[in-house]
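First the proteins, then the strands, lettered A, B, ... as listed; each starts at 1. Remember, it's a predicted structure, so these values are computed and weren't measured experimentally.
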Amino acid sequence: MRLLKLLPLILLFGAAADAQSPTYGVGRTPTDAEILAWDIAISPTGEELPVGSGTADEGSELYLEKGCAGCHGTTGAGGLAPRLVKRDVGVLEDPWQYGRILPIRSPYATSVWDFINRGMPLGAEGTLTPDEVYSITAYLFFLNDVIDDDLMVLDEKTLPAIQMPNRDNWAQVPDWFPGQPRLQGYPY
Amino acid sequence: MSLALKFLSVYFFVTELSVPVNFIDEGITMDSKKSDRREFLKRGAALAGGVALGTTKTANAQLEGPESFQRGTDEIVGYGKRSRFVDSVRIPHGGRASPDAFGLDFHIATPLQDSVGVITPSSLHYMGTTRGSFIPDIDPEKHRLMIHGMVDNPLVFTMDDLKRMPSVTRLHFIECAGNRSNRRHTTIQETHGMTSCAEWTGVLLSTLLKEAGVQAGADWIVAEGVEEVKGASSIPMTKAMDDCLICYGMNGEPVRPQQGFPLRLMAPGFEGIFNVKWLRRIKVVDQYYMTYNDFGHLTQDPATAALGYQIGPKSVITHPSGGQQLPGAGFYEVSGLAWSGGGSVARVEVTTDGGRTWFDADIRGPAHKMAHTRFTFEWNWDGSPCELQSRCIDEIGQVQPSRAQAAEFWNQPPDQAPRVRGQDNSIQPWRVDGDGSIHNAIA
């Protein structure tokens, strides 16, 4: 009788344990080194950021050296590739008016580091060292007045701590569930 | 003598005379002998029919025949080609060269005006890239998919591993967030060409995630490709566990390089960018990562954010459509495509008078979830100017709006050109002029 009372509990824990163990046993476990090498998506809190550092001062030289200027323009504007510097319109109350420019609009400094690291420069993606990415990121923040010191050291600790102007000024995507309309109350 | 009797007598005549004696001599088994004989008799009867009807041969000779007969070639045997008379092709979207001077591919639009059925041929499937892209040349033997992050068992799969896992095959459309019609567009390829539908084969992402063991609090995944910008998107775990697919197959063969060979994530009904190509990594995480792809969706307005995520109910008449020409008054099958990111298409309505009266269209074939669905409507055109439109109602009751309805919902000032928030799912009007020419009727 006592056993019968326990049965549901046993079943419950049994099922929970099952759900966490592989069913098919196909595939292998990656090594820590493999994970580290591939783990390039940087979260807003920056835990994947590699050790390294750089300044806007160093970044200004790298911006020319690495060919950024060739596509984005020597001043961060006027090239074929997207503009990297906010329009010269003074200090605005609504940072959204600066335009769709990653290093000023993004709510997180990590997005800028992440994209330079993964996707730049064109044709030589993935060749920048962490120090170089920290430096170029710092330079873009300096150009956009996100930081005002061209000798400020950006590293894996200081970069995620940068307060971007839109940090809390953006619309989260809604919680998604199957079979739900796109927007409650919107018939279309 | 009746025609049937004539046939009958010819048939018997053939039967009597046409059994070659040497069939038996060659020792052919009874079964194959019978079937050979049956074939012979059929051909004999057909021939006899021609003779019996007398006029058939003459009538045939008056129809134009093939231009020529082509000898078979190794190329035709190896990988078939379409007729040289079929010239439907994709075009770069939005006036931007693709490939550009660097050889980068940008957005390329499907010729929906020529579509039949619901499958877009892989060679004509629309394509979009996040930055402009060189297409990676990936050896599938070397390709790997890694699943890691907040899981109990991080896993690496080879392509062969993935093909050992339980598979599913589903029809799904993909549509670009920028598939927005405007009044300067003349053809449907310009107004709607950045959506296509294919049959996708692969493993449910939920199968792989269960295998890895998702930990509590893991509300998101980041899916990442291996192309030069390593495009990555944040996707909610609810979607990942619901119906996302890890696809190695497309329209009965390996996924095409432009579509992500050898592996592509399919997030059915989500905007195109979520369907990560050249997929190599899925990281299970606890927060929205605001990747560069995610940044492309960034907005201040919660309604726009919601409406630029899951595709709304949408449809368009593919024939007749902008730039096409009706030869004259009379019967036409109006034909089009409907789809929704919210599920399957429940109903499609068609109007031929610019929206005053609506009729139910016929749904052709099963309406699959998050798939193009063909609809048709039988129409007798009286030759006078009119306006054709279609609207989609999906299984969860969402209705495709006109541009005016969407503007009215948002209390847009009437002097402003109506703009549909988020991804544009508004009704496409086609104007039919008295001369049978078809035009984009967006004001």
In Å, rounded to the nearest 0.5 Å, how long is the span from CD1 of B/Ile427 to OG of B/Ser390?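 Between B/Ile427 CD1 and B/Ser390 OG, I get 7.5 Å after rounding to 0.5 Å.
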Among A/Val146, A/Thr137, A/Val112, side-chain contact (heavy atoms from CB on, under 4.5 Å) partner for A/Ile162: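 Only match with A/Ile162 under side-chain contact (heavy atoms from CB on, under 4.5 Å): A/Val146.
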For B/Asp219 and B/Gln287, run side chain to side chain donor-acceptor pair (under 3.5 Å): C-alpha distance rounded to whole Å, both residues' side-chain angles, the deciding distance at 0.1 Å, then the answer. CA-CA 7 Å; B/Asp219 292 337; B/Gln287 59 187 314; over 6 Å; no
Proximal component of [X], with respect to chain A [non-hydrogen, under 4.5 Å]:
X: B/Gln310; value: both
X: B/Pro401; value: both
X: B/Val399; value: both
X: B/Tyr288; value: both
X: B/Met290; value: both
X: B/Ile396; value: side chain

Pick from [options] with the largest number of heavy-atom pairs that fall under 4.5 Å of chain A:
options: B/Asp161, B/Val229, B/Val156; answer: B/Val156
options: B/Arg144, B/Glu227, B/Lys283; answer: B/Lys283
options: B/Leu307, B/Asp286, B/Asp242, B/Ile147; answer: B/Leu307
options: B/Phe102, B/Phe270, B/Phe134; answer: B/Phe270
options: B/Phe295, B/Tyr309, B/Phe157; answer: B/Phe295
options: B/Ser340, B/Ala305, B/Gly149; answer: B/Ala305

Among the listed options [options], the residue most often paired with chain B at heavy-atom distances under 4.5 Å:
options: A/Glu34, A/Met120, A/Arg105, A/Gln184; answer: A/Arg105
options: A/Leu80, A/Leu122, A/Asp94, A/Asn166; answer: A/Leu122
options: A/Pro174, A/Pro187, A/Pro107, A/Pro178; answer: A/Pro187
options: A/Val173, A/Asp175, A/Thr45, A/Thr29; answer: A/Val173
options: A/Tyr24, A/Phe177, A/Trp170, A/Trp176; answer: A/Trp176

Proximal component of [X], with respect to chain B [non-hydrogen, under 4.5 Å]:
X: A/Gln172; result: backbone
X: A/Ile42; result: backbone
X: A/Phe115; result: side chain

Any side-chain donor-acceptor pair under 3.5 Å between [X] and [Y]?
X: B/Glu271; Y: B/His297; answer: yes
X: A/Glu93; Y: A/Gln97; answer: no
X: A/Glu132; Y: A/Ser135; answer: no

With a 4.5 Å cut-off on side-chain heavy atoms, are B/Asp394 and B/Val345 touching?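 Not touching, per the 4.5 Å side-chain cut-off.
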Evaluate the side-chain proximity of A/Asp114 to A/Glu48: yes if any heavy-atom separation is below 4.5 Å, no if none is.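 With C-beta onward as the side chain, the pair stays apart.
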Check: A/Tyr108 ring centre within less than 6.0 Å of B/Tyr289 ring centre: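 A/Tyr108 vs B/Tyr289: aromatic centres not under 6.0 Å.
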Kindly state whether the ring of A/Tyr186 and the ring of B/Trp410 have centres lying under 6.0 angstrom apart.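 Yes; B/Trp410 has its ring centre under 6.0 Å from that of A/Tyr186.
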B/Arg421 pairs by side-chain hydrogen bond (donor to acceptor under 3.5 Å, both in side chains) with which of B/Thr299, B/Thr304, B/Asp301?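 Option passing the side-chain hydrogen bond (donor to acceptor under 3.5 Å, both in side chains) with B/Arg421: B/Asp301.
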Check against side chain to side chain donor-acceptor pair (under 3.5 Å), A/Asp57 and A/Thr55: CA-CA 5 Å; A/Asp57 187 46; A/Thr55 64; 5.0 Å; no
